[in-house]
Amino acid sequence: MDRINGLSDDIICHILSLLSFKEATSTSVLSMRWRYLFAFRPNLCLDDQEVGGGDSFIDFVDRVLVVTGNFPIRRISIKCRMSIDTGHVTRWMVDVLEHGVSYLDIDIISEDDIGFVPLEIFTCKTLVELKLARGFYAMVPDYVSLPSLKTLFLSSIWFCNRDCCPLGRLLSACPVLEELTIIGGCWQHIEFCRTVSSSTLKKLTITSSFHYEYWGITIDTPSLAYLEYSDLVPRHFPFVNLESLVEAKLALDLCSDSNPTNLIKGLRNVEVLELSSGYTSQILYDFREAIPVLSKLFRLSIKSNSRHYYIWNLLPILLEKSPKLETLVIKGPLSADRYEREYGLSCPVKVLEITEYGGKYEELEQMEHFLKKLPCLELVKVRASAINDKEKSRITKDLLMVPRSSNCNIKLKFC
């Protein structure tokens, strides 16, 4: 210990930065000199599950931010699972911005009130990644400048602006933004169309806001490569630009006046497509006239369940519209199609994946139909479940007995 104490504070701080934050904080009891050395590290993770919650957590964070002074902090994460006064959180955000922070992650639970995003956030020149979760109010000011921001994650953030589209104003001030995630919350006042417009955005995730009052959503993202959209379909999509889209995951829900026409048309360049709910298949089938030729699509995943038969109505249409499709994945229970449908003699699917197979008679019938109607199949991957070895043997025998081309192999795995 004497040998370590002989080291300079800078060297000790560097050593502590190589430890987990929990391990580093445990050294604070060694002596007065060591009490706050753990805080002088470029990456800080302040979690009430590790240092105690409530008032003790507030006091701990306050002391850490005070003793670090002007020490540069590159990344800071503040997570609190016990409800606290959000006024402290707003103050902490202002404090860490003075340290030149590049990565800021705030995840706070508050049962009594909702915190406010400080205005200083919107003009921070050093922020590269900003994550705000569990509920904040935000008033986007007239002047916004986030020249370094590449990743923006907003969970349950409620924008208060009533005179503009605040998200549009925010994105216009992020010239290098590459990734945007919006979960829940309220984008803006109901009089304004929701707008996601960015020439640099590459990854966009929108999930579970389900606000019926929205009139429409504009998506103008010419560089977007990945789209994950899980939400109620609005009344219309005034404008959709997804020219560079490579992968899309859709879990859509519908109300009486929803219209996804322009969103569906915008999928024309997608290469990997996942329809993550039965309702999504129903919506695409109902608006099937809008489905474009998917000339680049090579992998299609569709969620199946016993309540939604729209997958079987939609599947022939998608296969016909996908001249380069190589892999078809059926996720969920393999419910049987009531009709024997044609998929076309030129259907190019080479790989069929079934993720949940129970070996029931109707499932076996559907497998027989696939192997009969997909002429180019080379490999069928089946993930099956069985209660015992006897059941495994029966399922294996039944599948291997299904008539198929000599070029088609079946790969069965039990889980």
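Heads up: numbering here begins at 1 and tracks the sequence. Hydrogens, waters and symmetry mates are skipped; everything else that's a heavy atom, side chains included, is used. In this text the structure is predicted, and so the values were computed from the model without any measurement.
- E363 and Y361 are not linked by any side-chain donor-acceptor pair at a separation below 3.5 angstrom, with hydrogens and angles left out of the test.
- Between R268 and E243 a salt bridge is recorded (basic side-chain N to carboxylate O distance below 4.0 Å).
- Looking only at distances, no side-chain donor or acceptor of S198 sits under 3.5 Å from a matching main-chain atom of L171.
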With a 3.5 Å cut-off and sequence neighbours excluded, list the donor-acceptor pairs that the side chains of residues 284-291 form with protein atoms.
unit_1: R288; atom_1: NH1; unit_2: Y285; atom_2: O; d: 2.7

Checklist line | Derivation and outcome, side chain to side chain contact (heavy atoms under 4.5 Å, CB included), residues L399 and Y357 | finding: CA-CA 11 Å; L399 281 175; Y357 185 79; 3.7 Å; yes
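- With S148 contributing its side chain and L127 its backbone, the two residues share no donor-acceptor pair below 3.5 Å.
- Residues E326 and K324 are not paired through a salt bridge, judged by the lack of any N-O separation under 4.0 Å between the basic side chain and the carboxylate.
- Among all heavy-atom pairs drawn from L254 and S258, the shortest one is CD1-CB, 3.1 Å.
- Ring geometry for F370 versus W312: interplanar angle of 30 to 60°, hence tilted.
- Formation of a donor-acceptor pair under 3.5 Å by the S393 side chain with backbone atoms of D389 is not found in this model.
- When all heavy atoms of R235 and D257 are compared, the pair lying nearest together is NE-OD2, 3.1 Å.
- Distance alone, capped at 3.5 Å, is enough to place a donor-acceptor pair between the T355 side chain and the G332 backbone.
- Using a cutoff of 4.0 Å between basic side-chain nitrogens and carboxylate oxygens, E274 and K331 are scored as salt-bridged.
- Considering every non-hydrogen atom in both V176 and P147, the closest pair reads CG2-O, 3.4 Å.
- Atoms CZ and CD, on R75 and E129 in that order, are 6.0 Å from each other to the nearest 0.5 Å.
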Note to self: L245 vs L227, test: side chain to side chain contact (heavy atoms under 4.5 Å, CB included). Steps then yes/no.
What the structure shows: CA-CA 7 Å; L245 191 64; L227 171 65; 3.8 Å; yes
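- Other residues, nucleotides and ligands contribute at most 12 non-hydrogen atoms within 6.0 Å of the OH atom of Y137.
- For the pair N407 (side chain) and E378 (backbone), a donor-acceptor distance under 3.5 Å is absent.
- Side chains of T280 and S277: a donor on one and an acceptor on the other come within 3.5 Å.
- Taking OH from Y229 and OG1 from T205, the interatomic distance works out to 12.5 Å, rounded to the nearest 0.5 Å.
- With values rounded to the nearest 0.5 angstrom, D231 atom CG is found 11.5 Å from I183 atom CD1.
- Using a 4.0 Å cut-off between a side-chain N of Lys or Arg and a carboxylate O of Asp or Glu, K79 and D47 do not qualify as a salt bridge.
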Item checked: Test side chain to side chain contact (heavy atoms under 4.5 Å, CB included) applied to L315 and I302, step by step -> CA-CA 9 Å; L315 188 57; I302 303 182; 3.8 Å; yes
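- The two residues Y226 and K249 come nearest to each other via the heavy atoms OH-CD, 3.5 Å.
- S172 contributes a side-chain N or O that, together with a main-chain N or O of R169, makes up a donor-acceptor pair within less than 3.5 Å.
- Here L263 contributes atom CG and L250 contributes atom CG; the two are 6.0 Å apart, rounded to the nearest 0.5 Å.
- With hydrogens and angles disregarded, no donor-acceptor distance shorter than 3.5 Å links the side chain of T195 to the backbone of T218.
- In terms of modelled atom types and a separation under 3.5 Å, the side chain of D220 and the main chain of N241 share no donor-acceptor contact.
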Next item on the list: Take V128 and T151 through the side chain to side chain contact (heavy atoms under 4.5 Å, CB included) test and state the conclusion after the steps.
Entry: CA-CA 6 Å; V128 175; T151 300; over 6 Å; no
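- When all heavy atoms of P403 and L371 are compared, the closest pair comes out as O-CB, 3.8 Å.
- Salt bridge R81/D107: present, at least one basic N to carboxylate O contact under 4.0 Å.
- At most 12 heavy atoms of other shown residues, nucleotides or ligands fall within 6.0 angstrom of atom NZ in K202.
- A donor-acceptor pair under 3.5 Å is formed between the side chain of T200 and the backbone N or O of L177.
- Ion pairing between E353 and K411 fails under the 4.0 Å rule for side-chain N and carboxylate O.
- Contact detail for G266 and V240: the closest heavy-atom pair is CA-CG1, 4.2 Å.
- For the atom pair CG of L374 and SG of C347, the computed distance is 5.0 Å after rounding to the nearest 0.5 Å.
- L352 contributes atom CG, which lies 13.0 Å from atom SG of C376 (distance to the nearest 0.5 angstrom).
- Two residues are said to be in side-chain contact when any heavy atoms from C-beta on lie closer than 4.5 Å; I182 and L167 meet this criterion.
- Counting non-hydrogen atoms of neighbouring residues, nucleotides and ligands closer than 6.0 angstrom, the CG atom of D55 reaches no more than 12 such neighbours.
- Between the R299 side chain and the L325 main chain, no donor and acceptor come within less than 3.5 Å of each other.
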